[in-house]
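On a predicted model such as this, the values are computed, not experimentally measured, just so you know. Order of the sequence lines fixes the chain letters, A, B, ..., with proteins taken first and strands second; residue numbering starts at 1 for each chain. Values reported hereafter were calculated over all heavy atoms of this structure, with side chains retained and with hydrogens, waters and symmetry mates removed.
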Protein chains: 2
Amino acid sequence: MKEGPDISRIAALVGDPARGNMLNALMDGRALTAGELAVEAGITKQTASSHLARLMDGRLIEREIQGRHHYYRLAGREVAALLEALMRVADASGTGRRTRTGPKDAAMRKARICYDHLAGDMGVALFDRMMADGWLMEAGGKLAVSPHGWGKLAVIGLSPASLPKSNRPECRTCLDWSVRRHHLAGSTGKLILDQLLELGWAQRVPATRVIDFSASGEQRFQSLIS
Amino acid sequence: MKEGPDISRIAALVGDPARGNMLNALMDGRALTAGELAVEAGITKQTASSHLARLMDGRLIEREIQGRHHYYRLAGREVAALLEALMRVADASGTGRRTRTGPKDAAMRKARICYDHLAGDMGVALFDRMMADGWLMEAGGKLAVSPHGWGKLAVIGLSPASLPKSNRPECRTCLDWSVRRHHLAGSTGKLILDQLLELGWAQRVPATRVIDFSASGEQRFQSLIS
DNA sequence: TTCATGGTTCGATCCTAATAGAACCATTCA
DNA sequence: TGAATGGTTCTATTAGGATCGAACCATGAA
């Protein structure tokens, strides 16, 4: 009776601290090399290689080989969503025992990248506004940006033509780890974040998932959603 | 460097097959005794007791003691959501290697209980209809049943007075493991499922999470959402 | 070719944690 | 009170897997 449900097979993969660190490092959607991931996890490259092979086997990550560099990335949104769900439970579980919320932690709660879209307080605030003001609409069982919504998004230079041609859902919701409410994911979520960075309203803090808004950028963002 | 992110601490708890089986058994929202969980996991009661202590420590489950019986249940919706997220990834990961979808599996995909609300094809179909036909509305940043929605729900004997007095969110969405789209959770989700069982349109299949609709029950359910 | 760099494979070691036997505690019932 | 049942604690055993040293393979540069 060593079979068990498949959920344990997956959970055990994330359950090792070294692999957890690796997956965490990949949460910003970028692809990292095996060596970088080894450093990230604080282990030697041999050990890292073994872990990466197991993660590949479990289809949690994907590999892209370029020359002698092997780049690894998360296998998809489902995996990112799983990691956020874990953080949410870990956050609830950890309260009361060691809630040492450092300064970087505060920045993470305010605004961060979640796979490829905006999360944290500001991500949730944006989504709230979109829902309350009818930026989104129901179309064929799926959620999409309404004409009114596109009118608003035109302010930051976006139009329906900006959407990539793919079968990826236009709008999705993603449950926020820190705020515990939904924010916007899907291709529109990615589109908006990309544009915020493009406009210089905010920038990524290297080696973290933090999104740092400039003073004027945050001001403009606030006026956009008010 | 044996610290690692907290996500690994939680994932490792689910990562053991015995604990995974236990949590899986608790996914139907009921509370089970330590002995029942031991049988469910195929281990002795001593071992089960040790596992349950660890799950308690990680705040994944809660205990309620009644006489000599110790009842365990999932600690909350977040935990149930985590397990569904795991199933979703496990499902995607497992395809291609052993997709032995048995008959019970088909029933699970059609209709099942997810913590305390309806999931599967029928749960998603209900939620789609609710969204498309304006059964829900935005109120103070939260989702709630609209007057029109209550009119529809009156058909199965529900009214706003049916809602329990609690601070639990009235409506929430839960990402469906099998269909990979949202279905309705929250107190309204529980309310509806309870009523469907009460009316005899469907019943639970013992020892599983399957919800079995009667022929006439399914027919009436379909006419409700069409 | 030769050397340096980035990754993987192999083998040996070591440590954690899952497991069950035995004993113990608490509650219910006769 | 004593017997039966449900759970927990303690202990020793055992197995799986995380780890790294060493060797090996592939790519790119000199």
Side-chain angles (χ1 to χ4, degrees), chain A residues 1-26 30-73, chain B residues 1-26 30-73:
Chain A
M1 181 54 96
K2 199 61 178 184
E3 186 166 357
D6 276 0
I7 64 169
S8 293
R9 210 191 74 228
I10 302 297
L13 287 174
V14 190
D16 178 77
R19 287 193 293 262
N21 276 319
M22 289 177 168
L23 292 170
N24 205 36
L26 294 173
R30 282 180 313 168
L32 300 177
T33 68
E36 289 168 330
L37 287 169
V39 172
E40 196 71 40
I43 52 180
T44 62
K45 57 195 169 105
Q46 310 93 290
T47 310
S49 183
S50 142
H51 284 308
L52 290 169
R54 304 196 84 208
L55 289 173
M56 284 284 290
D57 190 53
R59 316 258 181 113
L60 293 188
I61 59 175
E62 290 170 347
R63 175 167 53 183
E64 190 175 336
I65 298 183
Q66 278 177 19
R68 56 182 170 181
H69 292 274
H70 293 202
Y71 287 95
Y72 290 92
R73 74 175 84 245
Chain B
M1 181 56 91
K2 196 62 179 182
E3 187 165 355
D6 276 2
I7 63 168
S8 293
R9 209 191 74 230
I10 302 297
L13 286 174
V14 190
D16 178 78
R19 288 193 292 264
N21 277 319
M22 289 177 168
L23 292 171
N24 204 38
L26 293 173
R30 282 180 313 167
L32 300 177
T33 67
E36 289 168 330
L37 287 169
V39 172
E40 197 70 39
I43 52 180
T44 63
K45 57 196 169 101
Q46 308 96 290
T47 308
S49 183
S50 144
H51 283 307
L52 290 169
R54 304 197 83 208
L55 289 173
M56 284 286 290
D57 191 55
R59 316 255 182 115
L60 292 189
I61 58 174
E62 290 171 347
R63 173 167 55 185
E64 191 173 335
I65 298 182
Q66 277 178 19
R68 59 181 169 182
H69 291 274
H70 293 203
Y71 287 94
Y72 291 91
R73 65 165 54 92

| query | How does protein contact run along nucleotides 7-15 of chain C, one letter per nucleotide 5' to 3', with B for base contact, S for sugar-phosphate only, - for none, heavy atoms under 4.0 Å? | reply | BBB------

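Rounded to the nearest 0.5 Å, atoms CG (A:Asn24) and CG (B:Asp6) are 10.5 Å apart. Atom CG of B:Leu13 is separated from atom CE of B:Met56 by 12.5 Å, given to the nearest 0.5 angstrom.
The distance from atom NE2 of B:His51 to atom C1' of C:dT16 is 14 Å, rounded to the nearest whole Å. If you take CD1 of A:Ile43 and P of D:dT19, they are 6 Å apart, rounded to a whole angstrom. Atoms CG (A:Asp57) and C1' (D:dG17) sit 15 Å apart, rounded to a whole Å. One can place CG of A:Asp16 at 11 Å from P of D:dC20, the figure rounded to the nearest angstrom. Between the CZ atom of B:Arg54 and the P atom of D:dT9 there is a distance of 14 Å, rounded to whole Å. Atom CD1 of B:Ile65 and atom P of C:dT28 are 12 Å apart (whole Å).
Among the nucleotides C:dA18, D:dA18, C:dT19, the one closest to any side-chain atom of B:Arg19 is C:dA18.
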| request: Carefully, step by step, assess A:Ser49 and A:Gln46 under the rule side-chain hydrogen bond (donor to acceptor under 3.5 Å, both in side chains). | output: CA-CA 5 Å; A:Ser49 183; A:Gln46 310 93 290; over 6 Å; no

| Can B:Met22 and B:Asp16 be said to form a side-chain contact (heavy atoms from CB on, under 4.5 Å), step by step? | CA-CA 10 Å; B:Met22 289 177 168; B:Asp16 178 78; over 6 Å; no

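Between A:Asp57 and A:Arg54, none of the side-chain N atoms (NZ, or NE/NH1/NH2) sits under 4.0 Å from a carboxylate O, so this pair counts as no salt bridge.
Between the side chain of A:Ser8 and the backbone N or O of B:Val14 there is at least one donor-acceptor pair closer than 3.5 Å.
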